[in-house]
There are 2 protein chains.
Amino acid sequence: MKPGRDTIEQRMRTFNAACARLGIKITHQRMEIFRAVISTEEHPDAETIHRWVKKRIPTISLDTVYRNLRLLAETDLIAIVGMSQENLRFDGNAHPHHHFVCVRCGMIRDFASNAPDSLQTPKTARVFGEPLSVHLEVKGICTGCRGDVRR
Amino acid sequence: MKPGRDTIEQRMRTFNAACARLGIKITHQRMEIFRAVISTEEHPDAETIHRWVKKRIPTISLDTVYRNLRLLAETDLIAIVGMSQENLRFDGNAHPHHHFVCVRCGMIRDFASNAPDSLQTPKTARVFGEPLSVHLEVKGICTGCRGDVRR
DNA sequence: TGGCACATAGGAATTATTCTTATGAAACCG
DNA sequence: CGGTTTCATAAGAATAATTCCTATGTGCCA
Ligand SMILES: [Mn+2]
Ligand SMILES: [Mn+2]
Ligand SMILES: [Zn+2]
Ligand SMILES: [Zn+2]
């Protein structure tokens, strides 16, 4: 419940403004889903959020939770953790390395850090536990997709 | 098909040795699945690997592909891309930040890089396209899980 | 206050992955 | 070599997360 930067109430005001600007209706459900996500540091899954929100709106459906979480993520009011999450992708490169991921076509390519020192675990991460590995993920638009746009 | 470090044939020998050491039988299917994964830089999904291997073993089942990919990943002969991939996790922190992920309990916590310069996209990644964001994922054992083990 | 576009609830559908079980094949042994 | 044991496979059924369908409901502007 430690606020990262803004208080819950400040963020609820940002939420209202963003909805107004984007022509998104401010429903009770939508508001409670957003409040649930920003009120925790636990990076919950949809099922967990559904359980929480049901305490205030007992009839809310799981589909509504999913639908609104996606909407909120699209408008950058919240984020989705991890990869673009379609299905499992397998990697023949068993050595530690990093990835460039094209957000448009899903292409994944390996790269090595040419500055290994810079990738040592930041001290700010060590407070949570014993680090085992560090993986850098660069998201972007690959040259192929960039070329497609130019035409 | 650019070998990261070892040739395909070298890696097939490593595979044979690892199977022998671990008491894993070397079947035709298992060998072809491994060969498919290490013969590409495309980080394919299970369906794609199944399609490839079927050219050589037309009767191979998708389940066998999944089963062996998991086995190979467990023995670190290959890797699985991305998060531990259970279900979607949502993040109330909309600002750019990084994650510590406990590989035992799934706990995810935010941290900021205290050395932002060191996280600029490495040049080795820029050859693939235009970077948009950089995300650092530190995997490890959280203090809670570490404590559990000590008892 | 009415009307309409957008949202929701609930259940059905979809899809990736895993499980079940009967059959097949490696390794081991003599 | 045959026999035996143990592990692996194929095929389809099961599971589980997520999305779709559609009838009903509701926020919001005039
Ligand atoms: Mn890789
Ligand atoms: Mn986060
Ligand atoms: Zn691309
Ligand atoms: Zn843990």
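FYI, side chains are in, hydrogens and waters are out, and symmetry mates aren't considered; it's all heavy atoms of this structure. A note on names: the letters A, B, ... follow the listed sequences, proteins ahead of strands, and every chain is numbered from 1.
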remark   = Testing dA7(C), dT17(C), dA8(D) for proximity to the side chain of R30(B), the answer is dA8(D)
request  = Work out how much the helix from dT1(C)-dA30(D) to dG30(C)-dC1(D) bends between its end axes, five pairs an end, to the nearest 10 degrees.
outcome  = 30°
inquiry  = In whole Å, I'd like the distance from the NE2 atom of H50(A) to the P atom of dT19(D).
reply    = 15 Å
task = Go through the structure and list residues passing side-chain contact (heavy atoms from CB on, under 4.5 Å) with A73(B), not counting sequence neighbours.
result = I78(B), I80(B)
message = Measure CD1/I49(B) against P/dA16(C) and give the value in whole Å, please.
response = 14 Å
remark   = Residues at least two apart in sequence or cross-chain that pass side-chain contact (heavy atoms from CB on, under 4.5 Å) with A20(A), listed by chain then number, are none
task = Only counting residues at least two apart or in another chain, list the ones meeting side-chain contact (heavy atoms from CB on, under 4.5 Å) with I141(A).
result = V103(A), R104(A), C145(A), R146(A), L132(B)
task = For D63(B), enumerate each residue passing the salt bridge (Lys or Arg N to Asp or Glu O under 4.0 Å) test, keeping only those at least two apart in sequence or located in another chain.
result = R67(B)
task = Quickly work out the M31(B) CE to dA25(C) P distance and round it to whole Å.
result = 16 Å
key: First of Q29(B) and R89(B) reached from the 5' end of DNA chain D, by closest nucleotide   = Q29(B)
Contact summary for E41(B) and H43(B), nearest pair of heavy atoms = O-ND1, 3.0 Å
task = Quick one: list whatever passes side chain to side chain donor-acceptor pair (under 3.5 Å) with R30(A), sequence neighbours left out.
result = N68(A)
task = Would you please name every residue forming a ring pair (Phe, Tyr, Trp, His ring centres under 6.0 Å) with Y66(B), sequence neighbours left out?
result = none
query = Quick one: which of dA9(C), dT18(D), dA10(D) gets closest to the side chain of R67(B)?
reply = dA10(D)
ask   = Of the residues in residues 57-65 of chain A, which ones touch DNA chain D at a heavy-atom distance under 4.0 Å?
value = L62(A), D63(A)
request  = Considering non-hydrogen atoms only, spot the tightest contact between R11(A) and L77(A) and give its length.
outcome  = NH2-O, 3.0 Å
request  = Mind checking side chain to side chain donor-acceptor pair (under 3.5 Å) for S61(B) and listing every partner two or more places apart, or none if nothing turns up?
outcome  = T64(B)
request  = Would you kindly give the CG-to-C1' distance between L71(B) and dC19(C), to the nearest whole Å?
outcome  = 17 Å
task = Going 5' to 3' through nucleotides 22-30 of chain D, assign each nucleotide B (protein heavy atom under 4.0 Å from a base atom), S (under 4.0 Å only from sugar-phosphate atoms) or - (no protein heavy atom that close).
result = -----BS--
key: All ring pair (Phe, Tyr, Trp, His ring centres under 6.0 Å) counterparts of H135(B), not counting sequence neighbours   = H99(B)
message = I need the CG-P distance between L72(B) and dA8(D), as an integer number of Å.
response = 11 Å
ask   = In whole angstrom, what separates F34(A)'s CZ from dA7(C)'s P?
value = 16 Å
inquiry  = In whole Å, I'd like the distance from the OH atom of Y66(A) to the C1' atom of dG10(C).
reply    = 16 Å
key: Spacing between N68(A) atom CG and dA7(C) atom C1', to the nearest angstrom   = 8 Å
ask   = Under the side-chain contact (heavy atoms from CB on, under 4.5 Å) test, which residues partner I57(B), sequence neighbours left out?
value = H28(B), Q29(B), E32(B), V53(B), T59(B), I60(B)
